[in-house]
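This report refers to the structure that appears directly beneath it.
Any value given below was found using the heavy atoms of this structure, including those in side chains, with hydrogens, waters and symmetry copies removed. Each ligand, and each atom within it, is numbered from 1 in the order the structure gives.
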Amino acid sequence: MTTPQHPEDFLSSLRLRSAREDGVFWVDDQRLGIFEPEAARRVSATNWHHFVLQDRLVDMVRRRRSPEVRWSLIRSTWLTQLHTLATAQQHGLLIERMERVLDARAGQDTDLTMLMQDVALRSLLPVALGGLTGAEAELVRRDLEMKLSRLVSATPGGVLHHLRHVAVQVRAGLVVRRVLRQRARGRRGREPDLTDPFVDLLPELGMDRALDVVTTVLTAIGGPPGTAAASVLYEFVRNPEWQRRLEAELAAVDPVEFRTAPTRAAPVTHRFVKEVLRMWSPPLLLVRRSTFAFDLGRTRLEPGQWYLLSPHLIHRDERVWQRPDVFDPDRFLPGAPHGPANRTCYVPFGWAPKKCVGANVAVVQLMALCHLLCTRYRLTVPDPEAVTMALRFAPVPENFRGRLTFR
Ligand code: HEM
């Protein structure tokens, strides 16, 4: 398997080949690229049809089957919990946590990409796993930050960094186990978070499977939300015209309505966020293993073979988007000729039935960030021309230095 050294080169070669080969082609001898919107939808829909959790460790050791738990149960449990958290009060708490991080850094010259990671992670951690002590939260955050730094770094960290990370990872895993156990025994309070429903499912899941479920959410909040927030800032800085439009809308918006239903209260800002997520969708590539055989026209995907999906490549495909490299939120106006031709063309949160469960929280958070940038702070970036977008595991703005000051 050969992969060009720079992710940017790899991705642009995929984009060129995708245009030539109708979006479905063997990237190398082991991985099929499925970058044609309808094929990506179809394979995703079937592949996870009967996806179940792995057996419990103890049962694997004893060579017996665990009670079967379907992934769809895990997802519906998350979605039910997120539905109860979709209130103005919870949105308000999320925004307050974002403010706290930003207030503490106001006035300082700072790396805005790192700041956005911090804002996203600190504000979302209580949604995933709340009620932690300061030391516990610090450990869980360190684990996620180390994971992320390996993914976004241009240079891999080396063996020592890897070993250090394994040690932190083990300790963070122990924190999650302790929280689950203590909540189950009534020694720790229950929290309105994405971990809590699994406390009641512990007998059925077992501790190691429950840990995997919580880790999936933690990993999900540790990467894409922060890079997406940095991309929002990036386009905000590059588009003064849109800054003014957002400021005009958000200065006039009713705060209660904004917390209750931000997409309805601020449609211009919603379009802006949607366009940022089209241009700069994290993660750039999803690697999946096929569990079924798929007939994809000129080629077949057999069970056990690997395939790649990419919201980013679909969003930059000239066959489905007009002028895909141009940033224009108004393409999301109803009926816009350069808008999405159909639902399969706009997939920043992936594909059913594995689609991101946190999509609504993510949009609320990014819109809240725009609100803060337009009403509470002023953003100054002394050298906007120096900022570039690096394509790593996700789009990551580089040389992004600046400062936020209070209005
Ligand atoms: C802008 C922010 C975000 C982006 C762009 C994003 C994107 C994605 C994508 C592309 C996937 C994979 C979907 C697939 O395999 O087809 C995913 C999965 C997931 N996301 Fe997000 N996400 C974001 C924020 C969040 C947040 C805030 C949460 C939690 C509150 C979350 C929770 C999850 C979970 C749990 C999964 C795994 C779903 C599963 O395996 O069934 N995400 N996300």
Output, in order, the C-alpha distance, side-chain angles, deciding distance and verdict of side-chain hydrogen bond (donor to acceptor under 3.5 Å, both in side chains) for Arg105 and Thr110.
-> CA-CA 8 Å; Arg105 300 280 279 280; Thr110 187; 3.0 Å; yes

Run the numbers on Glu36 and Arg42 for salt bridge (charged side-chain N to carboxylate O under 4.0 Å, His left out), then give the verdict.
-> CA-CA 10 Å; Glu36 193 280 314; Arg42 190 161 58 84; over 6 Å; no

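A cation-pi arrangement, defined by a distance under 6.0 Å to the six-membered ring centre and an angle within 45 degrees of its axis, is absent between Arg343 and Trp351. Under the 6.0 Å distance and 45° angle rule, Arg278 counts as a cation-pi partner of Trp321. Taking the ring axis of Trp242 as reference, the NZ or CZ atom of Arg245 stays within 45° of it and closer than 6.0 Å to the ring centre.
Distances between N or O atoms of Trp78 and those of ligand 1 include no value under 3.5 Å. Between Lys355 and ligand 1, not a single N/O pair is under 3.5 Å apart.
In this structure, OG1 in Thr269 is found 11.5 Å from CG in Leu366, a value given to the nearest 0.5 Å. Rounding to the nearest 0.5 Å places CG of Leu180 at 5.5 Å from CG of Leu202.
Within the structure, the closest approach of Ser44 to ligand 1 does not fall below 4.0 Å when heavy atoms are considered.
Between Trp280, Trp48, Phe51, Trp71, it is Trp71 that holds the heavy atom closest to atom 39 (C) of ligand 1. If you check each of Ser281, Pro348, Ala120, Pro224 against atom 10 (C) of ligand 1, the one with the closest non-hydrogen atom is Pro348. Of the listed options Cys356, Ala394, Ala40, Cys356 places a heavy atom closest to atom 20 (N) of ligand 1.
Under a 4.0 Å criterion applied to the non-hydrogen atoms of Ala228, ligand 1 contributes the atoms 1 (C). Taking every non-hydrogen atom of Trp351 and a distance limit under 4.0 Å, the qualifying atoms of ligand 1 come out as 16 (O). Listed by number with element, the atoms of ligand 1 under 4.0 angstrom from any heavy atom of Ala362 are 1 (C), 2 (C), 24 (C). For ligand 1, the atoms lying closer than 4.0 Å to a non-hydrogen atom of Gly350 are 10 (C), 13 (C), 16 (O). Of all the atoms in ligand 1, the ones that sit under 4.0 Å from a non-hydrogen atom of Pro225 are 2 (C), 24 (C). Close approach of ligand 1 to Ala220 (heavy-atom distance below 4.0 Å) involves ligand atoms 20 (N), 31 (C), 32 (C), 33 (C), 34 (C).
Nearest protein heavy-atom contact of atom 5 (C) of ligand 1 is Pro282 O, 3.5 Å. Given atom 40 (O) of ligand 1, the protein heavy atom at minimum distance is Lys354 NZ, 2.8 Å. For atom 28 (C) of ligand 1, the nearest non-hydrogen atom of the protein is Gly358 CA, 3.6 Å. Here the protein heavy atom with the shortest distance to atom 37 (C) of ligand 1 is Thr216 CG2, 4.1 Å. Ranking the protein heavy atoms by distance from atom 6 (C) of ligand 1 puts Phe349 CD2, 3.7 Å first. Atom 38 (C) of ligand 1 has as its closest protein heavy atom Arg75 NH1, 3.5 Å. The nearest heavy-atom contact from the protein to atom 35 (C) of ligand 1 is Val357 CG2, 3.5 Å.
Listed here is the closest heavy atom pair of Gly206 and Arg56: CA-CD, 3.7 Å. Across Pro353 and Arg75, no two heavy atoms sit closer than the pair O-NE, 2.8 Å. Of all heavy-atom pairs between Arg323 and Arg331, the closest is O-NH2, 2.9 Å.
When heavy-atom distances to ligand 1 are checked against a 4.0 Å cut-off, Arg288 comes that close only through its side chain, counted from C-beta outward. Only the side chain of Ile221 comes within 4.0 Å of ligand 1, judged by heavy-atom distances.
In summary, Glu136 and Arg188 engage in a salt bridge, as defined by a charged side-chain N under 4.0 Å from a carboxylate O.
For Glu302, the CD atom counts as densely surrounded, since its 6.0 Å shell holds more than 12 non-hydrogen atoms of other residues, nucleotides or ligands.
Between Tyr234 and Phe400, the ring-plane angle classifies as perpendicular under the 30° and 60° cut-offs.
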